[in-house]
Enquirer: 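I have a structure here, written as structure tokens, and I will follow up with some questions on it.
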Amino acid sequence: MKNQLKQVFHSPRFVIGFVIFVFMLGMAVLYPLLVPGDPLEMVASSSYPPGTYISLADTLESKQYGLDLDITATRLNKLISQEDKDAMVLWLTKYRGIAEEDIPVEDSVEMVHFWNEHYDPEVEQKGLTNAKRQYYRRLASRMATILETKDIIIATKNPETGALEESNTISFNTYTNVKDIASRRNFVLGTDNFGRDVLKELTHAVGTSLKMGLLAGVIATLIGLTLGLLSGYLGGLVDDIIMFVTNLFTVIPSFVLIILISFSVSQSARGVMLVGVIIGLTSWTWTTRSVRSQVISLRNRDHVNLSKLSGHSLPRIIVQDILPYIASYVVMALILQISSAILAEAQLSMLGLGPSTTKVATLGLMMNWAMTAQAPLAGRWWAFLPIILSIALITFSLNLMNTGLDQVFNPQLRD
Amino acid sequence: MTLLKGYKKYYLQKIGWYLITLVVAVFLNFMLPRLMPGNPVDAIAQGSISPGMDATAVKKVLDDYSARFGLDQPLYVQFFTFVKNALRGDFGISFSNYPREISDIIASSMGWTICLQLPAILVGWILGNLLGAVAAYMKGVFDKAILPAFLFIGNIPAFGMATVLLLIFAIYLKVAPVGGGYGYELIPNMSWEFFQSLFVHYQLPFWSIVLITIGGQAIGMRSMSIYELNADYVKYSRFLGIKDRKIVGYVFRNAMLPQVTGLALSLGTMIGGNIVAETIFNYPGIGSTMLSAISNRDYPLISASTLMITIMVLIANLAVEIIYGLIDPRIKAAQQDS
């Protein structure tokens, strides 16, 4: 046993898979401990991109630092969108007859100067809708002042007179240290469309999905192991019947069975663990097949025959003389079952048949929420890419561990 | 002549077995929803029952629905009606697309799904086998970099791959449409413009399936090829002075055989996953149909969809087994003996 474990940990595939898996598991276990709180708490009012969010009011009161940096170019790049630029180029070429290569599109500062110089609302603008004309007028007034870096005055309302009183001025070279600001929150993966912290939700979902996968895997493995043992060891009619049923369920797609059962279970009862049970009940065929073929090859070995001659009971023979030899196969099958169960749950949830709950998140449910909120079309990658990556990493690590084990226990496969 | 007779027996056996499977599948399709606690009618009729209704009115609605679906009759009568109607291709009328016939909806969406999945799985399978064979024979960068990369890609779920491709090519690069089977402004016809639109909309769903299929097939082919390359007959052939190219041909032919069986065994899972991926692109196949049926609780449409998917998988499996019978020399030999 110890020797085998040592061998297993010498297989590079197993080790890589194991490391990735432990990382995912560790994230699911440790992150909630480090950052406590309800993982499904809605903190934001909408879906925000990843980043550190600091309170604007706090920045006004925090300590001020003067930095002498040239900020015009970087500021302008943020303030003038590509659409604005395209619109400006379009206007200038169309109504001013300026060649496109003469317009300094690359340099934002130059561009603003150029625009302010050439824009004239009085020019006849044929073919422009009124709304477009207004848009250009607004754009022009914005551009006229965008280069000015006058101090910004903070005023507070005097409660008695109602007059505004200057309380602070902020110049453009005033900075604040992010560390000085008390109210800030770092959303490493942004927030989803419910305003939940995606990273927190994700670690929670990875945990739930792993638990569900384990439940489904254990159920499938237990059924598969029992049927495989009976079929392989007893043979005869029992074998025929079990193999007939197994072959049937190998061809009838389990995906379809899962959909049918999930749809029929009343929605209120369909929790995460019930979905796990459903998946487990429909995916035992692989284990049955591989256990059966192993047991058939073991059935007539000397030590089993000796046990039989000694009058040992069937359960004892199975537990003592057969199970230890097929343990590695059972573990490998379990690993595969877990990974396919996690995938099955995700696919089921995508169709809207996943766990019907809003209290816990699974990887599939998170994906489903992101899809119903049209996250890909809005370009909100943080709402779904981390989920896809998590599913891929979990299944990849489990499959790697499986092939690693396979290489150790099936010497034929070694290169 | 005897060979043909032998094949006939082999195929009749296979077809017979699949017919039995089909009967069981139809039975499960019928039975599973009815085995569940709670009456399916309750779920269906929920839409017609308003909270303020009194008990007799609720009972009347439920009875009405029961009678309409024949649920007041004994189970076996219901089953035979179900089979009889299914054989005639009559699945009733859709709730959500009233008054469209379900058979009509299914027929059009099945066409889309088959035209997408059959070529995509085949191309993925062929490319995967090529990659596996090359990785086993040439080693180097194929074995150390390309194969592991595809192995990881193969672990991305089908819908995940679809979303990633959608994000890159349709949202950021804007070189592909965001979804649908053809341009929304077009009506299906035989024009060049329509086919062009079809082709453009086909790319992302097609490649997302191909990409995730390659890895799984390649790793199987690689280990089979390595196993065969080390087999005794290869060494013996080398001793005999047979050209390397010819040996490699034999090796890969032998390594291919388990790959064909492997394809048969994984078809169900693959097709299921790809059907879910369709919904990402709003591709007008059976996946999108099922998604809308589920969200509208269109029970007859779901039941018909699952049945058709099962039949599709069964036919695909049977086709693979028939092809397997043709190319496996051992089956040929066995048939000749008898």
Side-chain angles (χ1 to χ4, degrees), chain A residues 244-245 247-267 269 286 339-340 342-344 346-348 350-353 364 367 370-372 375-379 381 384-385 387-389 391-400 403 406-407 412-415, chain B residues 17-18 20-21 24-25 28-29 32-38 40 42-43 151-161 163-164 166-167 170-172 178 219 223 226-227 264-265 267-269 271-273 275-276 279-280 287 290-291 294-295 297 299 302-303 305-307 309-310 313-314 317:
Chain A
F244 179 73
V245 177
N247 283 335
L248 278 180
F249 281 100
T250 319
V251 208
I252 299 175
S254 60
F255 172 68
V256 162
L257 296 180
I258 298 173
I259 288 182
L260 281 175
I261 302 177
S262 305
F263 184 72
S264 317
V265 175
S266 72
Q267 228 168 353
W286 289 98
S339 99
S340 63
I342 290 173
L343 198 60
Q347 283 170 347
L348 201 58
M350 293 288 294
L351 287 177
L353 285 178
M367 195 68 200
M371 287 299 139
T372 11
L377 293 185
W381 57 267
F384 56 89
L385 280 191
I387 310 168
I388 296 173
L389 190 68
I391 299 177
L393 279 179
I394 292 175
T395 47
F396 182 61
S397 66
L398 289 171
N399 285 346
L400 267 185
T403 37
D406 211 10
Q407 275 179 336
Q412 256 182 345
L413 291 177
R414 277 180 223 162
D415 313 337
Chain B
W17 198 83
Y18 273 93
I20 296 173
T21 316
V24 176
L28 283 175
N29 211 71
L32 278 178
R34 286 168 177 78
L35 274 180
M36 290 304 130
D42 290 348
L151 211 57
F152 178 71
I153 292 175
N155 278 293
I156 300 176
F159 63 80
M161 196 67 209
T163 325
V164 171
L166 183 79
L167 188 72
I171 311 283
Y172 284 146
V178 288
I219 189 71
S223 47
I226 288 177
Y227 178 74
L265 287 174
L267 262 177
T269 327
I271 292 177
I275 281 174
V276 175
T279 63
I280 304 281
M290 203 145 69
L291 179 70
I294 288 170
S295 56
R297 301 199 70 76
Y299 179 72
I302 296 174
S303 165
S305 305
T306 50
L307 189 61
I309 295 173
T310 314
V313 173
L314 289 187
N317 264 315

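Everything numeric here is computed off the predicted structure, so don't read it as measured data. When reading the values below, keep in mind they use all heavy atoms of this one structure, side chains included, and skip hydrogens, waters and symmetry mates. Just so we're on the same page: letters track the sequence lines, and every chain starts at 1.
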Enquirer: Measuring from atom CG of A/Leu353 to atom CD1 of B/Ile302, what distance do you get when rounded to the nearest 0.5 angstrom?
Expert: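 If we round to the nearest 0.5 Å, A/Leu353:CG and B/Ile302:CD1 are 6.5 Å apart.
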Enquirer: Where does A/Ile259 contact chain B at under 4.5 Å (heavy atoms): side chain, backbone, both or neither?
Expert: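 Contact with chain B involves the side chain of A/Ile259 alone.
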Enquirer: When heavy-atom pairs shorter than 4.5 Å are enumerated against chain A, which of B/Gly268, B/Gly272, B/Gly154, B/Ala158 gives the highest number?
Expert: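 The candidate making the most pairs under 4.5 Å is B/Gly272.
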Enquirer: Between B/Leu267 and chain A, with a heavy-atom cut-off of 4.5 Å, which part of the residue counts as in contact: side chain, backbone, both or neither?
Expert: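 Neither; nothing under 4.5 Å.
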Enquirer: If we define contacts as heavy-atom pairs under 4.5 Å, which of A/Phe244, A/Trp286, A/Trp381, A/Phe263 has the most with chain B?
Expert: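 Greatest number of close heavy-atom pairs with chain B: A/Phe263.
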Enquirer: Is there a side-chain contact between B/Val313 and A/Val256, using heavy atoms and a 4.5 Å cut-off?
Expert: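 A side-chain contact is absent here, since even the closest heavy-atom pair is not under 4.5 Å.
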Enquirer: Nearest 0.5 angstrom please: A/Gln347 CD to B/Ile275 CD1, how far?
Expert: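 That separation rounds to 10.0 Å.
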Enquirer: Can you tell me how far CG of B/Asn155 sits from OG of A/Ser339, rounded to the nearest 0.5 angstrom?
Expert: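 Going from OG on A/Ser339 over to CG on B/Asn155, the span is 7.0 Å.
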Enquirer: Heavy-atom distances under 4.5 Å only: say whether A/Met350 touches chain B with side chain, backbone, both or neither.
Expert: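 A/Met350 touches chain B through backbone and side-chain heavy atoms alike.
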Enquirer: How many angstroms lie between atom CG of B/Leu32 and atom CD1 of A/Ile261, to the nearest 0.5 angstrom?
Expert: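 One finds 5.0 Å between CG of B/Leu32 and CD1 of A/Ile261.
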Enquirer: Against chain A, work out which of B/Leu28, B/Asn317, B/Ile171, B/Thr279 has the most heavy-atom pairs shorter than 4.5 Å and name it.
Expert: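 Most pairs with chain A among the choices: B/Ile171.
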Enquirer: For residues A/Leu400 and A/Thr403, determine if any side-chain heavy atom of one lies less than 4.5 Å from a side-chain heavy atom of the other.
Expert: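 Yes, close enough: below the 4.5 Å cut-off.
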Enquirer: With only heavy atoms counted, which part of A/Phe384 is less than 4.5 Å from chain B, the side chain, the backbone, both or neither?
Expert: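 Just its side chain gets close to chain B.
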Enquirer: So do the side chains of B/Thr310 and A/Pro253 get within less than 4.5 Å of each other, counting heavy atoms only?
Expert: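 Yes, their side chains come closer than 4.5 Å.
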Enquirer: Select, from B/Ile271, B/Asn29, B/Val178, B/Ile20, the one with the greatest count of heavy-atom pairs under 4.5 Å involving chain A.
Expert: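 If we count pairs closer than 4.5 Å to chain A, B/Asn29 comes out on top.
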Enquirer: Would A/Asn247 and B/Trp17 satisfy side chain to side chain contact (heavy atoms under 4.5 Å, CB included), going step by step from the backbone distance to the final call?
Expert: CA-CA 10 Å; A/Asn247 283 335; B/Trp17 198 83; 3.2 Å; yes
Enquirer: Looking only at heavy atoms and a cut-off of under 4.5 Å, which of A/Ile252, A/Val251, A/Leu257 has the most pairs with chain B?
Expert: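 Looking at each of A/Ile252, A/Val251, A/Leu257 in turn, A/Val251 comes out on top.
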Enquirer: Which of these, A/Ile391, A/Ile387, A/Ile342, sits in a side chain to side chain contact (heavy atoms under 4.5 Å, CB included) with B/Pro157?
Expert: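 Of the listed residues A/Ile391, A/Ile387, A/Ile342, the side chain to side chain contact (heavy atoms under 4.5 Å, CB included) partner of B/Pro157 is A/Ile391.
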Enquirer: For each of A/Leu377, A/Leu385, A/Ile394, A/Leu389, tally heavy-atom pairs with chain B at distances under 4.5 Å, and name the one with the top tally.
Expert: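 Looking at each option in turn, the highest pair count goes to A/Leu377.
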Enquirer: Name the region of B/Ser295, side chain, backbone, both or neither, that has any atom closer than 4.5 Å to a heavy atom of chain A.
Expert: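 Contact with chain A involves no heavy atom of B/Ser295 at all.
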Enquirer: So which part of A/Leu248 gets closer than 4.5 Å to some heavy atom of chain B, the side chain, the backbone, both or neither?
Expert: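 Backbone plus side chain of A/Leu248, per the 4.5 Å heavy-atom cut-off to chain B.
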Enquirer: Checking B/Ile156 against chain A: side chain, backbone, both or neither under 4.5 Å from a heavy atom?
Expert: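 Contact with chain A involves both backbone and side-chain atoms of B/Ile156.
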